[in-house]
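Step one of this worksheet: look at the structure below.
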Amino acid sequence: MIAQVSVDVAAKQTDRVFEYHIPQELTDVAVGSRVVVPFGRRKVQGFVVGISKTTSYTGKLKDLLVVVDELPPLTPELITLSKTLADKIFAYRITILQSMLPRVMRANYRKILVPITEEAKKLKIFKGEPLDLNEVSNLNTIIEIKKLIKNNQAKIEYLVENKAKKKQIAIYLLTKTKAEYQQILKGLRKTAKKQQVLLDNIVKNYHEYPKLGSKIVSELDVSSSVLRAAVKKGWLVKKEQEMYRDPLKDFEPRKKKIQIKLNSEQTHALNSIGKSIQKREAKTFLLEGITGSGKTEVYLHAISIALEQKRNALMLVPEISLTPQMVKQVKERFGDNVAVLHSGLSEGEKYDEWRRIRRGEAQVVVGARSAIFAPLKNIGLIVIDEEHESSYKQNDTPRYHARDVALLRSKFHKCPVVLGSATPSLASRARAQKGRYELLLLTKRANQKALPKVDLIDLKTVEFAGAQFDLSIPLVDAIKEKIAKKEQVILLLNRRGFASFMLCRNCGFVLKCPNCDISLTLHKDTQQMQCHYCGHKEPIPRRCPNCQSEKIRFLGTGTQKVQEELENLLPEAKILRMDVDTTRRKGSYKKILDSFGDHQADILLGTQMIAKGLDFPNVTLVGVINADTALSLPDFNSSEKTFDLLTQVSGRAGRAEKTGRVMIQTYNPDNYAIKLAQSQDYESFYQKEMRVRFQGNYPPFFYTTLITITSKNEQSAAKEAFVIKRKLMRHLHAPTIILGPTPSSVAKIKNQYYYQILVKYKHEPKLHDLLHQIQDDAQLAQKRGLNIYIDNEPERIM
DNA sequence: AGCACGCCGACT
DNA sequence: GTCGGCGTGCTC
């Protein structure tokens with residue numbers, strides 16, 4: 001038998017199958033197996049994407065070397081999906097196969113030098129072990145190695161290693177009868193106090209064994225050496241048992257059957273989805289419901305229906321660690337049947353959760369973007385919550401959109417997809433309008449609460465509190481009032497750091513990152529100027545680096561500065577700041593939210609990570625410090641992003657009995673995105689924005705593809721971009737629009753210059769092949785230091 | 001992507 | 001005559 005293998009070499013020339021003979025002893029290999037194969041002189045990991053009896057290859061086939069896992073990690077469905085998706089998004093198939101699995105399953109490659117002769121084994125460089133060639137840099141050693149190889153005294157070996165470690169726990173089993181242990185206890189030396197404790201416990205609690213090693217150690221206060229001694233003497237037997245790391249052990253699943261009654265709208269939505277599950281339809285629903293209308297409750301009921309049908313359910317949420325509350329709800333409803341996958345877990349935890357899914361031990365999977373590849377079988381329902389979120393699109397290769405993958409999987413499993421949002425993406429909403437998706441509306445707030453009152457504060461005319469121009473008097477007064485009433489406040493500012501740039505008032509110099517075309521941000525906590533693109537850091541200047549003048553100012557505002565201002569203006573208030581800088585450590589996110597939930601602070605000040613999904617009943621005021629930051633971006637969807645963000649963050653106010661209030665500070669109070677966010681009028685926004693998109697020839701009226709060309713040399717990037725543009729122009733015709741090439745809005749990042757071309761088209765059958773050609777050429781261009789990226793339906797085109 | 005092969009100039 | 005620089009081509 002012959003295996004078709006996709007090898008772990010991400011390059012255009014190797015982006016195809018290589019065939020291998022399956023040796024007799026590896027008959028357990030199947031489509032989806034992870035294997036190690038000889039590839040040229042090396043060994044590489046690969047995935048079996050097909051098995052056949054014959055081959056058209058005329059050369060001699062090599063044998064598969066190893067089948068890595070007992071159970072093939074990928075299902076045939078996912079293998080097929082990898083091919084479809086690779087073609088669609090211009091990625092290598094192997095890149096997609098790799099991203100379907102937890103990172104720890106990626107191979108580790110090593111090259112070692114193994115001594116052959118006895119004489120060589122004694123050499124200093126080996127120290128009794130093979131030499132790791134990746135760690136050799138010394139010139140003399142390299143010369144010595146070459147000599148050894150030439151004289152046949154040593155050889156190079158290629159290793160493929162598995163990084164994944166299964167967590168093992170030790171269990172201790174008894175070997176004797178109770179009476180025998182009593183005998184041993186009697187004969188024990190008087191000084192062996194701890195052994196006595198252990199034996200005592202065995203005799204008294206005989207039935208409690210076998211027992212966890214860690215439990216024995218903690219309960220009896222003995223050290224592990226006592227256990228080791230006991231094993232040595234034959235009293236106990238140690239057994240290693242594989243254990244799953246449980247990321248949710250902190251949650252106590254109540255598993256109470258809290259059947260929340262659905263209102264008529266919810267019931268109608270649920271019935272439609274339920275019918276579709278039962279009829280096994282690959283149908284897409286757009287569940288559009290205002291904040292607080294109980295979308296989650298509909299999801300959970302729908303998942304129950306899928307489970308009743310003995311089918312499984314997949315639910316995506318935007319970067320799950322952001323919504324621990326959501327995970328908790330699902331976990332409470334479905335208990336141990338739930339597996340979670342998101343970036344907040346350690347690599348090991350992710351691997352364990354993934355294995356539970358693969359083995360069929362979880363019926364419900366909740367996760368962020370990459371969870372769309374969960375190896376779940378027999379899917380009866382896919383839910384994508386907050387479907388408009390841009391985080392569902394991966395920003396680097398493979399540039400897939402989880403929504404597109406969901407639609408592919410739904411076709412395979414013949415199950416419905418539910419896209420839920422208060423502010424659907426224009427693309428999805430337009431499809432619903434056309435009838436390609438079924439629109440389900442939830443217009444009533446489930447708790448019958450009125451929507452919060454939203455005020456716009458015009459920063460052009462308002463007076464500011466304090467010396468800085470960040471916090472207006474009305475906003476500060478409102479905060480004071482809420483704090484006096486022991487209520488809580490959430491403040492949103494979409495910029496971290498203290499001041500976003502340094503300006504010299506003498507010569508106009510702005511301090512920029514040496515590697516990127518962006519100004520450096522002042523960070524007060526670390527006392528450094530930082531680049532938010534590449535992480536470059538340098539000391540805060542005292543004089544202008546250009547003209548040595550001392551008249552330098554730090555302008556623009558960030559979360560750190562606003563925190564300082566708040567501390568000055570409201571010395572009695574306790575403030576928690578939440579941004580990338582304060583949440584870098586694992587678990588710090590949850591810690592901040594928990595302490596805010598316990599009312600250990602009055603104000604939660606943060607970047608957009610606080611806008612989503614948080615549910616704090618005591619929050620009655622939400623303040624947006626500057627609504628214009630996103631609007632000023634030169635992107636076709638910046639209005640949509642602004643509207644979404646403002647609507648989302650407004651929804652954080654007044655979640656329980658207390659009525660909420662929202663205050664939005666802006667320099668553009670007449671902008672339609674901001675005005676319509678104030679009235680929380682999605683429908684009008686949709687109509688208005690569709691007209692804008694129509695006039696600008698933007699999605700959803702046009703499809704878009706973005707080609708980005710980068711190089712360390714600005715001229716060669718620009719030149720290559722023009723070559724590509726000419727190529728496109730030769731083959732594509734109106735109404736297709738080719739924009740650019742233009743330098744990106746941040747023209748240089750990490751010393752790479754960025755040029756881009758945007759193709760907008762309605763129907764362009766040649767484009768797909770043309771882009772694949774461009775991708776082929778990119779392989780050659782790479783040798784000249786050029787990188788070319790193709791992004792199908794980009795989320796950002798700056 | 002690696003790795004080898006092969007061609008060419010530079011050095012023992 | 002041998003070493004090592006880089007361009008070219010292949011990997012079942």
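In what follows, chains are A, B, ... by sequence order, proteins preceding strands, each numbered from 1.
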Legend entry - Neighbour count >12 (heavy atoms, 6.0 Å) for atom CZ, A:Phe126: yes
Inset, instruction - Would you kindly give the CD1-to-C1' distance between A:Ile94 and B:dA1, to the nearest whole Å? - result: 12 Å
Inset, instruction - Sequence neighbours left out, what passes side-chain hydrogen bond (donor to acceptor under 3.5 Å, both in side chains) with A:Ser711? Give chain and number order. - result: A:Ser716
Inset, instruction - Mind checking A:Lys111 for me? I need base, sugar-phosphate or nothing, with any heavy atom below 4.0 Å counting as a touch. - result: sugar-phosphate
Inset, instruction - Verify the neighbour count for atom NZ of A:Lys750: are there more than 12 heavy atoms of other residues, nucleotides or ligands below 6.0 Å? - result: no
Inset, instruction - Rounded off to whole Å, could you give me the CD-to-P distance for the A:Gln782 and B:dG2 pair? - result: 12 Å
Inset, instruction - Starting from C1' on B:dA1, measure out to CD on A:Gln98 and report it in whole angstrom. - result: 13 Å
Between N or O atoms, less than 3.5 Å apart, protein on one side and nucleotides 9-11 of chain B on the other: list the pairs.
none

Inset, instruction - Any chance you could measure A:Asn787, atom CG, to A:Glu720, atom CD, to the nearest 0.5 Å? - result: 10.5 Å
Inset, instruction - Flag the pair A:Glu161 and A:Arg110 as a salt bridge only when some basic side-chain nitrogen lies within less than 4.0 angstrom of an acidic carboxylate oxygen. - result: yes
Legend entry - Charged N-O contact under 4.0 Å between A:Asp791 and A:Lys393: yes
Inset, instruction - Identify whether any heavy atom of A:Ala10 sits under 4.0 Å from a base atom; if not, whether one sits that close to sugar-phosphate; answer base, sugar-phosphate or nothing. - result: sugar-phosphate
Legend entry - Nucleotide B:dA4, atom P - distance to CD1 of A:Ile156 in whole Å: 7 Å
Inset, instruction - Step through it carefully: locate the ring centre of A:His21, locate the ring centre of A:Tyr57, and say whether they are under 6.0 Å apart. - result: no
Legend entry - Presence of salt bridge, A:Lys641 and A:Glu795, under 4.0 angstrom: yes
Legend entry - Lys/Arg N to Asp/Glu carboxylate O, A:Glu353 vs A:Arg356, below 4.0 Å: yes
Inset, instruction - Name the nucleic acid region contacted by A:Tyr109, choosing base, sugar-phosphate or nothing; use a 4.0 angstrom heavy-atom cut-off, strictly under. - result: nothing
Inset, instruction - Could you state the atom-to-atom distance from CG of A:Asp15 to P of B:dA1 in whole Å? - result: 12 Å
Inset, instruction - Heavy atoms under 4.0 Å is the rule here; annotate nucleotides 1-12 of chain C 5' to 3' with B where the base is hit, S where only the sugar-phosphate is, and - elsewhere. - result: ---------BBB
